[in-house]
Amino acid sequence: QVQLVESGGGSVQPGGSLRLSCVVSGVSLDDWGIGWFHQPPGQDREGIACIRRSGTTFYDDSVKGRFTISRDNAKNTVYLEMKNLKPSDTGGYYCALGSAWDGLELQPYEYESWGPGTQVTVSS
């Protein structure tokens with residue numbers, strides 16, 4: 001019954017910006033954390049940002065200062081603002097449902113439900 005659906009991916013030049021969305025249904029974001037994961041082509045999926053039930057956030061060093069995670073609990077939607085994009089940011093982006101623990105970080109085992117992903121391509 002839990003569903004997560006990403007949108008907002010596309011193609012952009014280096015230095016450009018995108019805004020990804022993750023719409024969550026079946027649960028309330030008042031009770032869960034949400035993470036964003038990046039999977040470069042041919043590589044493993046890695047966590048890049050999360051927002052906890054409390055609203056606090058945590059970022060991987062690779063995106064700190066460039067990406068911002070936020071949410072609108074009334075819309076059950078989580079956003080990822082991506083700025084100063086680099087070619088290494090290319091790949092699939094996935095949102096995932098995490099625990100209510102206020103120390104939620106970016107390990108995949110902390111998450112139990114995943115969206116199908118949206119593609120981002122950063123190239124000249």
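All of these numbers come straight from a predicted model, not from anything done at the bench.
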(message) Could you check whether any side-chain N or O of R71 sits under 3.5 Å from a backbone N or O of R53, counting only pairs where one atom can act as donor and the other as acceptor?
(response) yes
(message) Please give me the minimum heavy-atom distance between P41 and G91, naming the atom from each residue.
(response) CD-CA, 4.0 Å
Please output the side-chain donor-acceptor pairs of residues 27-34 that fall under 3.5 Å, not counting sequence neighbours, one pair per line with the distance.
from, atom 1, to, atom 2, distance (Å)
S28, OG, D30, N, 3.1
S28, OG, D30, OD2, 3.4
D30, OD1, N73, ND2, 2.8

(request) Side-chain contact test, heavy atoms from C-beta onward, threshold under 4.5 Å: evaluate it for P87 versus S123 and give yes or no. (result) no
(request) Keeping to residues at least two apart or across chains, list the side-chain hydrogen bond (donor to acceptor under 3.5 Å, both in side chains) pairs with something in residues 99-110. (result) S54-D102
(message) With a 4.5 Å cut-off on side-chain heavy atoms, are I48 and L80 touching?
(response) yes
(message) If hydrophobic clusters are built from ILVMFWY residues whose side chains come within less than 4.5 Å, do L104 and L106 share one?
(response) yes
(message) According to salt bridge (charged side-chain N to carboxylate O under 4.0 Å, His left out), who are the partners of D61, at least two apart in sequence or on a separate chain?
(response) K64
Just list the side-chain donor-acceptor pairs under 3.5 Å for residues 1-12, sequence neighbours left out, or say none.
from, atom 1, to, atom 2, distance (Å)
E6, OE1, G117, N, 2.7
E6, OE2, C95, N, 2.8
E6, OE2, G117, N, 3.4

(request) Can you tell me which residue pairs pass the disulfide bond (SG atoms under 2.5 Å apart) test with a partner in residues 34-82, sequence neighbours excluded? (result) none
(request) For Q13, look at atom CD and say whether over 12 heavy atoms of other residues, nucleotides or ligands are found less than 6.0 Å away. (result) no
(request) Kindly state each residue pair satisfying salt bridge (charged side-chain N to carboxylate O under 4.0 Å, His left out) with at least one member in residues 85-100, sequence neighbours excluded. (result) R66-D89
(message) Minimum heavy-atom separation for T57 and I51, please, with both atom names.
(response) CG2-CG1, 4.0 Å
(message) Filter on salt bridge (charged side-chain N to carboxylate O under 4.0 Å, His left out), then keep only pairs touching residues 13-28, sequence neighbours left out; what's left?
(response) R19-E81
(message) So, using ring pair (Phe, Tyr, Trp, His ring centres under 6.0 Å) as the criterion, who are the partners of Y111 when residues are at least two apart?
(response) F37
(message) Which residues pass the side-chain hydrogen bond (donor to acceptor under 3.5 Å, both in side chains) test with R52, not counting sequence neighbours?
(response) T56
(message) Holding to side-chain hydrogen bond (donor to acceptor under 3.5 Å, both in side chains), I want the full list of residues that pass it with D60, two or more places apart in sequence or in another chain.
(response) S62
(message) Donor-acceptor pair, distance only, cut-off 3.5 Å: does the side chain of D72 make one with the backbone of T77?
(response) no
(message) Is there a side-chain contact (heavy atoms from CB on, under 4.5 Å) between V120 and T90? Walk through the geometry before answering.
(response) CA-CA 5 Å; V120 171; T90 292; 5.7 Å; no
(request) Scan for ring-ring contact (aromatic ring centres under 6.0 Å, His included) pairs involving residues 47-96, sequence neighbours excluded, and state none if there are none. (result) H38-Y93
(message) Any non-hydrogen side-chain atom of V78 less than 4.5 Å from a side-chain atom of V23?
(response) no
(message) Please tell me whether L85 and I69 are part of a single hydrophobic cluster in this structure, the criterion being side-chain heavy atoms less than 4.5 Å apart.
(response) yes
(message) Is there a side-chain contact between S88 and P40 in this structure, where contact means two heavy atoms from C-beta onward sitting under 4.5 Å apart?
(response) no
